[in-house]
Amino acid sequence: MSAPLSFSGKVVVVTGAGGGLGKEYALAFGERGASVVVNDLGGDIKGGGKSSAAADKVVEEIKAKGGKAVANYDSVEDGEKVIQTALDAFGRIDILVNNAGILRDRSFARTSDLDWDLIHRVHLRGSFLVTRAAWNHMKNQNFGRIIMTSSAAGIYGNFGQANYSAAKLGILGLANTLAIEGNKYNIHCNTIAPTAGSRLTQTVMPPDLLESLKAEYVAPLVLWLCHEECQENGSLFEVGAGWIGKLRWERTQGSIVRHKNQSMSPEEVREKWDQICDFTNATKPANIQDSLQTLVEVLSQVEAGEGLEANPTSALASASGINPTEAVGIVLPQMTFSYTHMHCILYALGVGMSTKEPDHLRFLYEGHEDFSCLPTFGVIPAQASMFEGGLSSLPGINFDPTKLLHGEQYLELYKPLPTSGTLTSKATVADILDKGSGAVLLLDVHTYNNQELVCYNQFSVFIVGAGGFGGKRSSDKAVPTVPAPNRAPDAVIVDETSRDQAALYRLSGDWNPLHIDPSFAVMGGFKTPILHGLCSFGFAARHVLKHFAGNDVSRFKSIKVRFVKPVLPGQSLQTEMWKEGNRIHLLCKVKESGAVVLSGAYIDLYADPGASVVTAPAQTGGLQSDLVFAEIGRRIKDLGAELVKKVNGIFGWEITKGGKMAAQWTIDLKTGNGALHKGPYTGKADVTFTVADEDFMDVVMGKLNPQKAFFAGKLKVRGNIMMSQKLEMILKDYAKL
Ligand code: NAI
C-alpha cells in the first residue's frame, strides 16, 4: 500500500455536518489532520427550526480525538458567513463539501411554491452561495477541492421528489461548469450521489437496510476526491454500501433527418425514430466540444448532400466484410484514460525496467527528482480505442477479432507525457489496404491533455483473410518503416525478459488472453503464451533512450516499428542500434534464436540535449505555409498596432502534412503591437485552426473558399469561430506571393 492520505495543513468546510453523511465526512477529515469547519443549521428535516447542538457535538467529537474543528451554525444560504468562519479560525479554505440538505417530498400535483423554493434554496442556491464565497480564495492559492452532493433521485427521477430531483440535478450542472472554470486554477469539482441510512432516508428505507448502509461507506470517496493527489475533475459518482461507480453520458449514433435546402418534418423524425434511439455503437461525448463537433460534422454532411439517403452500400463491399468507402474516415467514440504515477511505474516494470539499474529509478520511483513517464507509455491511452472502441462493429469493418495481428506501430510525442492525469484519445480509421491475403487497417489516434495534443499513434493492424475486396495496396497515410543501414551497429544492448514479463505488461491494459492463457495461446497457433509486441517495442525504445539520450524523455520524438516475430517471456532481447543524425535505426532480435522481432524500426530524437520541454513538434520540412507565415510576420511588423486594434484576438494554427501535425504557429493580435511566433500559444488561443499544408495554400491563394473547406472537413476550427472572420484582414492579398 502507498502512503496514507493526509490532510494535514488543509482547511475543510463540510456543510450540514451535524449529522448523517456530513458528520461522517467531518470526523474522517478531522482524523486525518485537517482543520474542519462543522457547519449545521440544526433544523428539522423539512428545513424548519434551528439549533447549535448538532454542530457542537461533532466539533467536540473531533476535538476529543485530537483533531481541530470549529462550529458554524449559519444556513448555507449565508454562504459568506460559513466560509468566513474558516478564514477567521484557520486563515484559509482548501476543501468544501456541499452536503447540507432537507426534504419536502410531495407528489408533483401537490407540490407548493414553498416546497419547491425551500428545496432549491437549501440545495442548489446553498451550494452556489457557499461555493462562490470560497471560490476566489481557492483561485488565489491555486488549489481547491469541491464536492457537490446530488442524488439518484435527480439522476433517475423518483416519485414524489420533483422539487428535490430538479435541485439535485441542477447541482450537477453547476458542478460540471465549475470543473471547467476551475481546472486551470487546480480547483477540482466532483459530484456524488450517495446512498446511506440517515434521518433523510429513514422514511423511505426499512430499518435493517438503514442500519447497514452506513455513512462511513461514503466518506472514503469524498476524502479521496478532495485530496491534492487526486486529479479527478468534473465527474459524477454513485456511492453506497461500500461500492463506488462512475457515471457518464451516452449518446446514440443518431440520424440525420434533413435534406440540404429542405425543411425538416416530424414525419421524417417518425421514420428515423428507431435509428435515433438505437444505442448500438453509442458514443460517449465527454464535453460540450464533442457535442458541438457532431453538429459541425452533420452540417458538413448535409451540405455535401448526404443525410437522409446517405450510406449507399458500396459496390466494393465483399465477403471479406471490409468496405473502405464506408469505413475510412470513421471517427471512433472518444476514449478517456485517467492514470497516476502508479500506472507509469507499472508500465516501466512491464517493459523490463529494474531497480538493479540505478538510472532506472527515475522511472520507478515517484519521489525521484526527475521522475518521468516512459515515452512509449503514449501507446497506452491510445490503445483503449482499439480494445474498447468497438473497432469490429463499425460500419464497413466486419471481421473476426481473433484474426487480428498487430503489424506496425508509430508513436510521436509533442511533449513529454505527464506522470498522471486524464487524457482523451480520438481515433479515426485513416485508411484500409487490400494486401490480398488480408486487409491492413490504419488507425490514427490523437491523444489530448485537455485541448493540447500530447501524442499521435498510428496502429497498423493486419486482418488475416479479410483481403480481396478490390482495394488499393498502399497508402500515403501510412507512416513508412525504414531499413537499418548496411553496416555494423553503433551500439548493442542485450536485456532479459522475465518469465512473468507478459503477466506484468498486461496490467498496463492489454488483456488479450493470448499473452497469459496457455489454452488460448494454443488456439492462436502458439505453443505457449507470447509476449506483447508493444512490450518488446517498449524494451527497444528504452534501450535507445538510455544509450543515445541519457534517459532524457524530453528528447524523444517518435518511434516506428514493424512487428515481425513473437517473443516468449523469458527470452533475451538484443537491440542493435545505428545512429544517423537524430535518427536511431534499430533492429531487435531474440538473442537465443537470432530471430528478428522488430524490423524497419527507428526512433527520432529531438536535437537539443538541453531542452527539457519541447514546445513545438519539429518541422517535417518543406512546408509551403512557412512562406505565408513569414509574410504574415512581416505584415504584423509593419501594421501590428493597427491590426491589434481591429482584430483583438489570438489565432493558433496547426498545419498538418500527410495527416500528421507538421508545424504550429501563433498569430497574436491581442497583445502589444502584435506578434507571430512558431509553436503553440502558451495560454489559450481564441481560435485554433487545423488544416493541411496544401489546403492552407489553396485557401490563401483564393482557390479554396474557407467556408467550403470548413464544411468539407478540411479546415477544423476550435474555439471562437466568429473570430475567424477577422482573419481576412491578415490573409487577404496573398495571391501575389
Ligand atoms: P441528514 O439530514 O442526516 O443531514 C443533512 C444535514 O444538513 C442535517 O444535519 C441538517 O441539519 C443540515 N442542514 C439542513 N439545512 C441546512 C442549511 N440550510 N444550512 C446548513 N445545514 C443544513 O441527511 P443525509 O442523508 O446525511 O444527507 C446529506 C446530503 O446527502 C444531502 O444533501 C442529501 O440530499 C444527500 N443525499 C443523501 C442520501 C442518503 O441516502 N442519505 C441520498 C441522496 C442524497
Side-chain angles (χ1 to χ4, degrees), residues 13-28 37-59 71-83 85 96-105 117-131 133 147-158 161 163-172 174-175 191-206 209-219 221-222 236-241 243:
V13 168
V14 183
T15 70
L21 286 161
K23 173 181 172 184
E24 208 58 46
Y25 307 152
L27 292 172
V37 174
V38 178
N39 157 267
D40 208 296
L41 183 66
D44 65 30
I45 183 176
K46 290 187 166 183
K50 195 172 174 11
S51 143
S52 59
D56 284 343
K57 269 175 94 174
V58 178
V59 168
N72 168 284
Y73 319 114
D74 292 305
S75 167
V76 284
E77 290 187 75
D78 286 317
E80 291 284 348
K81 290 189 190 163
V82 177
I83 296 301
T85 301
L96 167 61
V97 184
N98 288 297
N99 164 79
I102 55 168
L103 279 184
R104 293 178 76 91
D105 292 358
D117 291 345
L118 260 184
I119 286 290
H120 276 73
R121 275 167 44 193
V122 174
H123 287 274
L124 184 52
R125 196 171 143 75
S127 300
F128 155 64
L129 289 167
V130 186
T131 307
I147 297 291
M148 294 289 181
T149 307
S150 185
S151 161
I155 299 169
Y156 305 107
N158 196 21
Q161 293 198 308
N163 52 355
Y164 181 74
S165 308
K168 284 304 203 189
L169 212 56
I171 286 175
L172 178 64
L174 170 64
T191 306
I192 60 165
T195 301
S198 75
R199 66 176 197 170
L200 278 195
T201 41
Q202 66 191 4
T203 51
V204 289
M205 282 184 197
L209 194 60
L210 203 70
E211 181 56 30
S212 43
L213 289 172
K214 293 187 195 308
E216 66 196 56
Y217 301 150
V218 175
L221 169 66
V222 169
L236 169 65
F237 300 88
E238 277 186 72
V239 49
W243 168 87

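All ligand and atom numbering here is 1-based and tracks the order in the structure. Note that the coordinates shown come from a computational prediction; the quantities given were computed from them, not determined experimentally.
Checked by atom type and distance alone, the side chain of Thr191 never pairs as donor or acceptor with a backbone atom of Leu172 at under 3.5 Å. A donor-acceptor pair under 3.5 Å is formed between the side chain of Asn39 and the backbone N or O of Asp74.
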Give every pair made of an N or O atom of ligand 1 and a protein N or O atom lying under 3.5 Å apart, one pair per line with both atom names and the distance to 0.1 Å, or write 'none'.
{"from": "ligand 1", "atom 1": "2 (O)", "to": "Arg199", "atom 2": "NE", "distance (Å)": "2.9"}
{"from": "ligand 1", "atom 1": "7 (O)", "to": "Gly101", "atom 2": "N", "distance (Å)": "3.4"}
{"from": "ligand 1", "atom 1": "9 (O)", "to": "Asp40", "atom 2": "OD1", "distance (Å)": "3.4"}
{"from": "ligand 1", "atom 1": "9 (O)", "to": "Asp40", "atom 2": "OD2", "distance (Å)": "2.6"}
{"from": "ligand 1", "atom 1": "11 (O)", "to": "Asp40", "atom 2": "OD1", "distance (Å)": "2.5"}
{"from": "ligand 1", "atom 1": "11 (O)", "to": "Arg199", "atom 2": "NH2", "distance (Å)": "3.4"}
{"from": "ligand 1", "atom 1": "18 (N)", "to": "Ser75", "atom 2": "OG", "distance (Å)": "3.0"}
{"from": "ligand 1", "atom 1": "19 (N)", "to": "Val76", "atom 2": "N", "distance (Å)": "3.0"}
{"from": "ligand 1", "atom 1": "21 (N)", "to": "Leu41", "atom 2": "N", "distance (Å)": "3.4"}
{"from": "ligand 1", "atom 1": "25 (O)", "to": "Ser198", "atom 2": "OG", "distance (Å)": "2.4"}
{"from": "ligand 1", "atom 1": "26 (O)", "to": "Leu21", "atom 2": "N", "distance (Å)": "2.7"}
{"from": "ligand 1", "atom 1": "32 (O)", "to": "Asn99", "atom 2": "O", "distance (Å)": "2.7"}
{"from": "ligand 1", "atom 1": "32 (O)", "to": "Lys168", "atom 2": "NZ", "distance (Å)": "3.0"}
{"from": "ligand 1", "atom 1": "34 (O)", "to": "Tyr164", "atom 2": "OH", "distance (Å)": "2.6"}
{"from": "ligand 1", "atom 1": "34 (O)", "to": "Lys168", "atom 2": "NZ", "distance (Å)": "3.2"}
{"from": "ligand 1", "atom 1": "40 (O)", "to": "Ala196", "atom 2": "N", "distance (Å)": "2.8"}
{"from": "ligand 1", "atom 1": "40 (O)", "to": "Ala196", "atom 2": "O", "distance (Å)": "3.0"}
{"from": "ligand 1", "atom 1": "41 (N)", "to": "Ala196", "atom 2": "O", "distance (Å)": "2.9"}

What side-chain donor-acceptor pairs closer than 3.5 Å can you find for residues 47-54, not counting sequence neighbours?
{"from": "Lys50", "atom 1": "NZ", "to": "Tyr73", "atom 2": "O", "distance (Å)": "3.1"}
{"from": "Ser51", "atom 1": "OG", "to": "Ala53", "atom 2": "N", "distance (Å)": "3.0"}

Give the table of side-chain donor-acceptor pairs shorter than 3.5 Å for residues 120-127, with sequence neighbours excluded, one pair per line with atom names and distance.
{"from": "His120", "atom 1": "ND1", "to": "Trp116", "atom 2": "O", "distance (Å)": "3.1"}
{"from": "Arg121", "atom 1": "NE", "to": "Glu77", "atom 2": "OE1", "distance (Å)": "3.0"}
{"from": "Arg121", "atom 1": "NE", "to": "Glu77", "atom 2": "OE2", "distance (Å)": "3.4"}
{"from": "Arg121", "atom 1": "NH2", "to": "Glu77", "atom 2": "OE2", "distance (Å)": "3.3"}
{"from": "His123", "atom 1": "ND1", "to": "Lys168", "atom 2": "NZ", "distance (Å)": "3.0"}
{"from": "His123", "atom 1": "NE2", "to": "Ile102", "atom 2": "N", "distance (Å)": "3.2"}
{"from": "His123", "atom 1": "NE2", "to": "Ile102", "atom 2": "O", "distance (Å)": "2.8"}
{"from": "Ser127", "atom 1": "OG", "to": "His123", "atom 2": "O", "distance (Å)": "2.6"}

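In this structure, Asp78 has no side chain to side chain donor-acceptor pair (under 3.5 Å) partners at least two apart in sequence or on a different chain.
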Q: Just do the side-chain contact (heavy atoms from CB on, under 4.5 Å) check on Leu236 and Ile155 with the steps written out, would you?
A: CA-CA 10 Å; Leu236 169 65; Ile155 299 169; 3.9 Å; yes
